[in-house]
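Just follow the structure's listing: the first ligand is 1, and inside any ligand the first atom is 1. Only heavy atoms go into these numbers, but all of them, side chains included; no hydrogens, no water, no symmetry mates.
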Amino acid sequence: MFKIAVLASGSGSNLQAIIDHLHGLVAGIQVAVVVSDVPGALALERAERADIPTAVYPLEAYVDRETRDQAMADAVEASGAELVVLAGYMRLVTPGFLERFPHQVINLHPALLPSFPGEHGIEDALEYGAKVTGVTVHFVDPGVDSGPVIRQETVSVHDDDTPASLGTRIHALEHRVLPRVIELFARGRITAPEQGSRRVRVDDDETSEIIW
Ligand code: GAR
């Protein structure tokens, strides 16, 4: 069994892709808990529908971010998760949280980092006039979308794209890339960078149990 925790703030379409293509289906992967900072987030409903335990940690309920993140880390640890997946979790996690899960926290971003970090990766790439953008999965460090890259895949920007049309293609790609990276983790095929390096080794033999 390879247990994962998913952190999500919003609609949770990426969580849904994980549930539909991995949870209980591939490489012993189980979503052990879904954690959100937003009470009522659609991601929580999706988890409940799949009988996955949920937990909510709104910042207002804690004295500060560090205290909130320690409570969140306790829940993740108690779930037995070996990998923490930020799938539309729109907050920075604190260094104290990351220290609890070294090289075990990954994030999904809707642009080719280091271009267009932050909350508006799709709109920012479009406004900049980029002709190619894409999807990045990376290890999380204390910065904003600044950790070592695990996998990137590209999307062409069309002249007549709007944030919605480009977003549709980016999200469709995300729904394939993130489950695939999680599968590779579960199969022990991703090696975190050595001290002083940012280079992640991904031993992708192109075989997959995922059925799309
Ligand atoms: C995804 O596009 C993800 O890349 C983005 O939030 C969306 C969540 O969608 N994350 C970031 O921008 C992080 N900087 P979802 O809730 O439908 O999975």
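Using a 4.5 Å heavy-atom threshold, the side chains of Asp204 and Arg180 count as touching. Contact check for His23 versus Leu15: no side-chain heavy atoms found under the 4.5 Å cut-off. In this structure, Phe97 and Met72 have side chains that are in contact, with non-hydrogen atoms separated by less than 4.5 Å.
For atom 9 (O) of ligand 1, the closest non-hydrogen atom on the protein side is Asn14 ND2, 3.7 Å. The nearest protein atom to atom 10 (N) of ligand 1, hydrogens excluded, is given as Leu108 O, 3.6 Å; this is a heavy-atom distance. The nearest protein atom to atom 12 (O) of ligand 1, hydrogens excluded, is given as Pro110 CD, 3.4 Å; this is a heavy-atom distance.
Phe2 and Ile211 sit in two unconnected hydrophobic clusters of ILVMFWY residues. Membership requires side-chain heavy atoms under 4.5 Å apart, directly or through other members.
The N/O atoms of Gly88, backbone and side chain alike, include none that comes under 3.5 Å of an N/O atom in ligand 1. Here's the thing with Ser13: one of its N/O atoms is less than 3.5 angstrom from an N/O atom of ligand 1. Considering backbone and side-chain N/O of Gly12, one or more are found under 3.5 Å from N/O of ligand 1. Considering both main-chain and side-chain atoms, Glu174 comes within under 3.5 Å of ligand 1 through a nitrogen or oxygen pair. At under 3.5 Å, a nitrogen or oxygen of Ser11, whether backbone or side chain, sits near a nitrogen or oxygen of ligand 1.
Under a 4.0 angstrom heavy-atom cut-off, Gly118 registers as being in contact with ligand 1. Taking a 4.0 Å cut-off on heavy atoms, Met90 registers as neighbouring ligand 1.
Under 4.0 Å from ligand 1, the heavy atoms of Asp145 that appear belong solely to its side chain.
In this structure, NE2 on His21 lies 11.5 Å from CD1 on Ile182, to the nearest 0.5 angstrom.
Take Glu127 and apply the side chain to side chain donor-acceptor pair (under 3.5 Å) test, not counting sequence neighbours, and it matches no residue.
Residues His175 and Ser13 have side chains that bring a donor and an acceptor to within less than 3.5 angstrom of each other.
Set against the non-hydrogen atoms of His171, the atoms of ligand 1 under 4.0 Å away are 2 (O).
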Let me have the donor-acceptor pairs involving side chains of residues 81-93, under 3.5 Å, with sequence neighbours excluded, atom names and distances please.
residue : atom : partner : partner atom : Å
Arg91   : NE   : Asp37   : OD2          : 3.1

